[in-house]
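Have a look at the structure below before the remarks.
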2 protein chains.
Amino acid sequence: MTSTTAPAAPVPDAAACTHTDTVARFFRALSDPTRLRLLEFVLAAERTSAECVEHVGISQPRVSVHLTCLVDCGYVTARRDGRKLVYSVGDPRVADLVVLARALAADNASALDCCPLIPSADRP
Amino acid sequence: MTSTTAPAAPVPDAAACTHTDTVARFFRALSDPTRLRLLEFVLAAERTSAECVEHVGISQPRVSVHLTCLVDCGYVTARRDGRKLVYSVGDPRVADLVVLARALAADNASALDCCPLIPSADRP
DNA sequence: GCATACTATGCGGGTAGGCAAATAGCTCTA
DNA sequence: TAGAGCTATTTGCCTACCCGCATAGTATGC
């Protein structure tokens, strides 16, 4: 944690004072169905790029971009194994976050479907 | 658990099997800086619409849309008090989600700034 | 060193969703 | 029942971002 190492920071808690924009961008990484699908796929087990491509069913370049994004945001880490790159989730809090969000989303799924600002794909 | 009520469903747990698209849309509600700012503002205390408008500094119609979105997604609830609408957060898990995300985002803030797919506003 | 996976980057197009401004609708006071 | 205050909806514009396709780059194996 970076907050525990800060001795006399002008802010009481680094985590609590992270710019809201940064947190929003952090959420944005999970707001795309393809990226979320990838994250949950990697969350279940270590996966290679090729496995991810097959799982989500979109082009390899696009999957590469999404995975890079997930790595940049700190959700997953990449490791080379021979010719392949293997992606995995190191921080257990990522699973916590997804589980928590899933529980909340499940309890509000029906209402969520009616939100006009965020229309669902199959409900135009 | 809801799985006990499902007799022969092909899925083990309703919460765990909520469509990924739905969860992604749930995250999308928090992926906008203005909405996240509003949520955290309401999270701290009950707020009226007018207070929210002043806090985020954008037009009233836009705030109305954002607040409606947050209500639809189940993050906040609205209550009428005289002429005003008062918004509050009922589910404590919402706070948990935000705190957890803040902690994760804080630990990856620097890397997040470098993610080209999700560029920050002040870093073109 | 060369060939072959495997992965990343650039380009162009289409849609989603952000904003302000104008306006309609609802709720309480007088 | 007016009238004033508060909130929601509509319109139009513009930017962000997702996509596939083509291609460049890099690490590994022979």
Side-chain angles (χ1 to χ4, degrees), chain A residues 20-21 24-39 42 47-73 76-87 112 114-124, chain B residues 20-21 24-39 42 47-73 76-87 112 114-124:
Chain A
T20 304
D21 286 28
R25 293 181 34 244
F26 190 72
F27 276 123
R28 173 163 288 279
L30 303 183
S31 72
D32 179 68
T34 300
R35 260 187 321 257
L36 185 57
R37 209 177 307 273
L38 281 172
L39 177 61
V42 173
R47 309 287 189 179
T48 66
S49 267
E51 286 173 331
C52 290
V53 169
E54 177 164 11
H55 183 249
V56 297
I58 65 172
S59 68
Q60 174 274 319
R62 213 87 270 285
V63 172
S64 170
V65 169
H66 283 313
L67 285 174
T68 301
C69 174
L70 288 173
V71 170
D72 284 344
C73 294
V76 308
T77 55
R79 167 176 63 82
R80 182 165 283 281
D81 176 34
R83 280 181 173 169
K84 306 183 176 184
L85 278 183
V86 179
Y87 294 90
L112 226 164
C114 301
C115 180
L117 214 162
I118 308 177
S120 79
D122 44 76
R123 222 173 268 270
Chain B
T20 304
D21 287 28
R25 297 200 301 120
F26 190 72
F27 276 122
R28 174 162 288 279
L30 303 183
S31 72
D32 179 68
T34 301
R35 267 194 307 265
L36 185 58
R37 209 177 307 273
L38 281 172
L39 177 61
V42 173
R47 309 286 189 180
T48 66
S49 266
E51 286 174 331
C52 290
V53 170
E54 178 165 8
H55 183 250
V56 297
I58 64 172
S59 67
Q60 175 272 321
R62 208 88 272 281
V63 172
S64 171
V65 168
H66 282 314
L67 286 174
T68 302
C69 174
L70 288 173
V71 170
D72 285 344
C73 294
V76 308
T77 55
R79 167 177 62 82
R80 182 165 284 280
D81 176 34
R83 279 178 174 170
K84 306 183 176 184
L85 278 182
V86 180
Y87 293 90
L112 226 163
C114 301
C115 180
L117 215 163
I118 308 177
S120 79
D122 44 77
R123 222 172 268 269

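Please read these numbers as outputs of a predicted model, since none were measured by experiment. In what follows, chains carry the letters A, B, and so on, assigned in the order in which the sequence lines appear, proteins first and then strands, with residues in each chain numbered from 1. Computed over heavy atoms, backbone and side chain alike; hydrogens, waters and symmetry mates excluded.
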Length of the line joining [X]:[atom1] and [N]:[atom2], which is rounded to integer Å:
X	N	atom1	atom2	answer
B:Asp32	D:dT15	CG	P	17 Å
B:Arg28	D:dA16	CZ	P	14 Å
B:Leu36	C:dG17	CG	P	17 Å
B:Glu54	D:dC6	CD	C1'	15 Å
B:Asp72	C:dG17	CG	P	14 Å
A:Leu30	D:dC18	CG	C1'	16 Å
B:Arg79	C:dT27	CZ	P	16 Å
B:Arg47	D:dC6	CZ	P	18 Å

Checklist entry - Taking only residues two or more places apart in sequence, or in another chain, which ones meet B:Arg83 in a salt bridge (charged side-chain N to carboxylate O under 4.0 Å, His left out)? => result none
Checklist entry - Can you name the residues that form a salt bridge (charged side-chain N to carboxylate O under 4.0 Å, His left out) with B:Arg47, not counting sequence neighbours? => result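 Result, salt bridge (charged side-chain N to carboxylate O under 4.0 Å, His left out) vs B:Arg47: none returned.
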Checklist entry - If you look at every heavy atom in B:Ala24 and A:Leu36, which pair is closest and at what distance? => result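 That would be N-CD2, 3.5 Å.
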Next on the checklist: If you compare all heavy atoms of B:Arg28 against all heavy atoms of A:Ser31, which two are closest, and at what distance to 0.1 Å?
Outcome noted: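 Looks like CA-CB, 3.5 Å.
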Checklist entry - Is any side-chain N of the basic residue among A:Arg37 and A:Asp32 closer than 4.0 Å to the acidic one's carboxylate O? => result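 Looking at A:Asp32 together with A:Arg37, the answer is no, because their closest N to O distance does not fall below 4.0 Å.
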Checklist entry - Per the side chain to side chain contact (heavy atoms under 4.5 Å, CB included) rule, which among B:Thr77, B:Val65, B:Val42, B:Leu39 passes with B:Leu70? => result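 Running side chain to side chain contact (heavy atoms under 4.5 Å, CB included) over B:Thr77, B:Val65, B:Val42, B:Leu39 with B:Leu70 returns exactly one hit, B:Leu39.
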Polar atom pairs between nucleotides 7-14 of chain C and protein, under 3.5 Å, N or O only, would you list them?
residue, atom, partner, partner atom, Å
C:dT7, OP1, A:Leu85, N, 2.9
C:dA8, OP2, A:Ser64, OG, 2.7
C:dA8, O5', A:Ser64, OG, 3.4
C:dA8, N7, A:Gln60, NE2, 3.1
C:dA8, N6, A:Gln60, OE1, 3.1

For [X], check side-chain contact (heavy atoms from CB on, under 4.5 Å) against everything at least two apart and list the hits.
X	result
B:Pro61	B:Ser59
A:Gln60	A:Val53, A:Ser64
A:Ile58	A:Thr34, A:Val56, A:Arg62, A:Val63, A:His66

Checklist outcome for this item: Looking only at C:dG18, D:dC19, D:dC18, the nucleotide nearest the A:Arg35 side chain is D:dC18
Next on the checklist: Measuring to OP1 and OP2 of C:dC19, would you say a side-chain N or O of B:His66 lies under 4.0 angstrom away?
Outcome noted: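 So the side-chain polar atoms of B:His66 do come within 4.0 Å of the phosphate oxygens OP1 or OP2 of C:dC19, strictly under.
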Checklist entry - OP1 or OP2 of D:dC19 sitting under 4.0 Å from any side-chain N/O of A:Thr34? => result yes
Item to check | Bend angle of the helix from C:dG1-D:dC30 to C:dA30-D:dT1, end axes from five pairs each (to 10°) | outcome: 30°
